[in-house]
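Below is one structure, written out as structure tokens; the observations come after it.
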Amino acid sequence: MTVTRFAPSPTGYLHIGGLRTALFSWLYAKHTGGTFRLRIEDTDMARNSEEALAAIIEAFDWVGLSYEGEVVYQSKRFDIYKKYIDQLLAEGKAYKCYMDKEELDALREEQMARKERPRYDGRYRDFTGTPPVGREPVIRIKAPQEGMIYFTDGVKGEITIAASEVDDFIIARSDGTPTYNFVVAVDDALMGLTHVIRGDDHLYNTPKQIVVYKALGFKIPHFYHVAMINNEQGKKLSKRDGATDVMEYKKLGFLPEALLNFLVRLGWSHGDQEIFSLDEMIALFDPKDINRSASNYNLDKLMWLNAHYIKNTPNEKLAQLLKPFGVDISEHDKLELLLDATKERGKTLVELAEQIKLILHTPETYDEKAVQKAFKGDAKEILADFSAMLQGWERELHLPCDYHEVLEHFVSSKEIGFGKIGMPLRVSLLGSMTGSGLDEIMSILGMQETVARIQKVIDMVE
RNA sequence: GGCCCCAUCGUCUAGCGGUAAGGAUCCCAGGUUUUCAUCCUGGUUACAGGAGUUCGAGUCUCCUUGGGGUCACCA
């Protein structure tokens, strides 16, 4: 049974890089019929924040990732860690180190001065004397002093790191609280993790965690270290590069399925396939197909995917999604027509909302260039004639094809080209030269409003 | 700086010793559309460099270069 997890530290919002590793972990659990767990890495009491945790859960909710079981809070498991630390102490696999921070800093400076790698020198490793008085020790674990630590990474392959690179690192602070590399290993083991998928910034933590696994006799899971997502210039992704907070994408009018599809294709692929529904991702995702190199964030591709998903979202649902963007058309009797006429013209919900507002509201302003171009010559007269024809039309006007019939009849009887009436008509209806089809717009507006908008322009234009 | 990882079109990627190096995005051109968008068709652009191994290297090895990560009583 596969068990994967996402283990963020609650220090900020959910980053899109974090969402991708969470997605990979979640997909693999689903793919194998296993479980996906959520654990909060909050052992540093000074840096926790309730809001951050809420933000992470909110983002999970929005994109539709679900975790199984209770959320594990490391801050509530200190007694468990304490037990294992005592065990290691009793077995001689860990020891108390009485060096304080000042001494440690001094040691580091010496080593740096000698151009050596700063590392703990192991001076208390076999200490048997009388400890300094009035000083609370930290607990260090005994790491192997020679040889190699090796493991197989599911993404990178065989990784070997000299044991000399890993020093006797601290597993418990002088105040007794355990540290990251220790609790991660303990919890991953206790939670029964079979596959650990995480960012490759954790690659160097892995040998340390393996030291803990071995000392405690735990089974070592499979590791997958996923390369980072960089910005469009190939540099580290930062807030300056735009949205890094997952929830920011919601505000910008992105659909969660587009964001997920975008992220899953960053570092993972399945042949030439670009579009993946969640079910397809689950069916096809295998961590062995994760790419070893870093990838660049690419807004164009995200936009394209978002446009694709907007086009393929049912109108009813789109109407609901549009509400936070200032457009409530859920009760509109021409809802279907309205969205069919606009959904191919917006790459985001924000843009789609703008398109809809253009139709819903009588134009307050008119694009100057469009007016100049469209109202040369006898455009006003033509518009007036067309308006009259609409009003005098003997049959009821409802569907786009009804209006189309009027338009066709108009140009043929007047012996003019479509452009003669098309341009000024579009400007009168939308205030702009571009936009949805005229037949659709008039059908949505109805004859009365169409006539009113034409009249408004006629009255206004000199 | 030490250690570790990475390297195919601008970008995301396919490739798994023998291909005219494929797809997607972007961009450009044409078509459809009374406009715009969508959609369709076509086009430009890539194996970082250098040595090997091999009958034959994008694919294997080494070096160089260039990126990235990491070196806490943070996670």
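By convention in this document, chain letters (A, B, ...) are assigned in the order of the sequence lines, proteins followed by strands, and residues within each chain are numbered from 1.
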Measure from [atom1] on [X] to [atom2] on [N] and round the result to the nearest Å.
X: A:Leu104; N: B:C73; atom1: CG; atom2: C1'; answer: 8 Å
X: A:Asp168; N: B:C73; atom1: CG; atom2: P; answer: 13 Å
X: A:Asn230; N: B:G10; atom1: CG; atom2: P; answer: 17 Å
X: A:Lys208; N: B:C4; atom1: NZ; atom2: C1'; answer: 13 Å
X: A:Leu438; N: B:U34; atom1: CG; atom2: P; answer: 10 Å

Taking donor-acceptor contacts at under 3.5 Å, does the side chain of [X] reach the base of [N]?
X: A:Glu274; N: B:G23; answer: yes
X: A:Asp200; N: B:G69; answer: no
X: A:Asp42; N: B:A75; answer: no

Would you call the rings of A:His270 and A:Phe276 parallel, tilted or perpendicular, taking 30° and 60° as the class edges?
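Perpendicular, since the angle between the ring planes exceeds 60°.
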Could you label the plane-to-plane angle of the A:Phe182 and A:Tyr81 rings as parallel, tilted or perpendicular, counting under 30° as parallel and over 60° as perpendicular?
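Rings of A:Phe182 and A:Tyr81: perpendicular, over 60°.
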Partners meeting salt bridge (charged side-chain N to carboxylate O under 4.0 Å, His left out) with [X] (sequence neighbours left out):
X: A:Glu165; value: A:Arg117
X: A:Lys156; value: A:Asp200
X: A:Glu110; value: A:Arg114
X: A:Arg119; value: none

Taking atom CE of A:Met303 and atom OG1 of A:Thr348, what is their separation to the nearest 0.5 Å?
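If I round to the nearest 0.5 Å, the distance is 6.0 Å.
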Are side-chain N/O atoms of A:Tyr224 and A:Ser25 paired as donor and acceptor at under 3.5 Å?
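No pair is found: no donor N or O on one side chain lies under 3.5 Å from an acceptor on the other.
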Kindly state each residue pair satisfying ring pair (Phe, Tyr, Trp, His ring centres under 6.0 Å) with at least one member in residues 337-362 of chain A, sequence neighbours excluded.
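Sorted pair list comes back empty.
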Got a sec, which pairs hit ring pair (Phe, Tyr, Trp, His ring centres under 6.0 Å) with one end in residues 94-124 of chain A, sequence neighbours left out?
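Sorted pair list: A:Tyr98-A:Tyr124, A:Tyr124-A:Phe127.
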Closest nucleotide of RNA chain B for A:Glu136 versus for A:Lys235: which of these residues is on the 5' side?
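It is A:Lys235, whose closest nucleotide lies nearer the 5' terminus.
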Pick the nucleotide of RNA chain B nearest each of A:Ile170 and A:Gly267; which residue has the one closer to the 5' end?
A:Gly267
Ignoring the backbone of [X], work out which of [options] is nearest its side chain.
X: A:Arg173; options: B:A75, B:A7, B:U34; result: B:A75
X: A:Glu165; options: B:G2, B:C73, B:U34; result: B:G2
X: A:Asn291; options: B:G69, B:A7, B:A14; result: B:A14
X: A:Thr179; options: B:C74, B:A14, B:G69; result: B:C74
X: A:Asp439; options: B:C73, B:U34, B:C6; result: B:U34

Within [range], find the residues that approach RNA chain B with a heavy atom at under 4.0 Å, and present them sorted by residue number.
range: residues 344-352 of chain A; result: A:Glu344, A:Arg345
range: residues 410-434 of chain A; result: A:Phe418, A:Gly422, A:Arg426, A:Met433, A:Thr434
range: residues 107-122 of chain A; result: A:Arg108, A:Arg117, A:Pro118
range: residues 297-315 of chain A; result: A:Asn298, A:Asp300, A:Lys301, A:Trp304, A:Lys311

Atom pairs and distances, side-chain donor-acceptor, residues 436-443 of chain A, under 3.5 Å, sequence neighbours left out:
unit_1: A:Ser436; atom_1: OG; unit_2: A:Ala341; atom_2: O; d: 2.8
unit_1: A:Asp439; atom_1: OD2; unit_2: A:His404; atom_2: ND1; d: 2.8
unit_1: A:Ser443; atom_1: OG; unit_2: A:His398; atom_2: O; d: 2.7

Partner of B:C3 by Watson-Crick or G-U wobble geometry, both contacts under 3.5 Å, or none?
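Checking every strand shown, B:C3 finds its partner in B:G69, with both distances under 3.5 Å.
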Run the ring-centre check on A:Phe410 versus A:Tyr403 and record whether the distance is less than 6.0 Å.
no
Looking at A:Phe218 versus A:Tyr84, is the centre-to-centre ring distance below 6.0 Å?
yes
A:Glu381 meets the side chain to side chain donor-acceptor pair (under 3.5 Å) criterion, sequence neighbours left out, with none
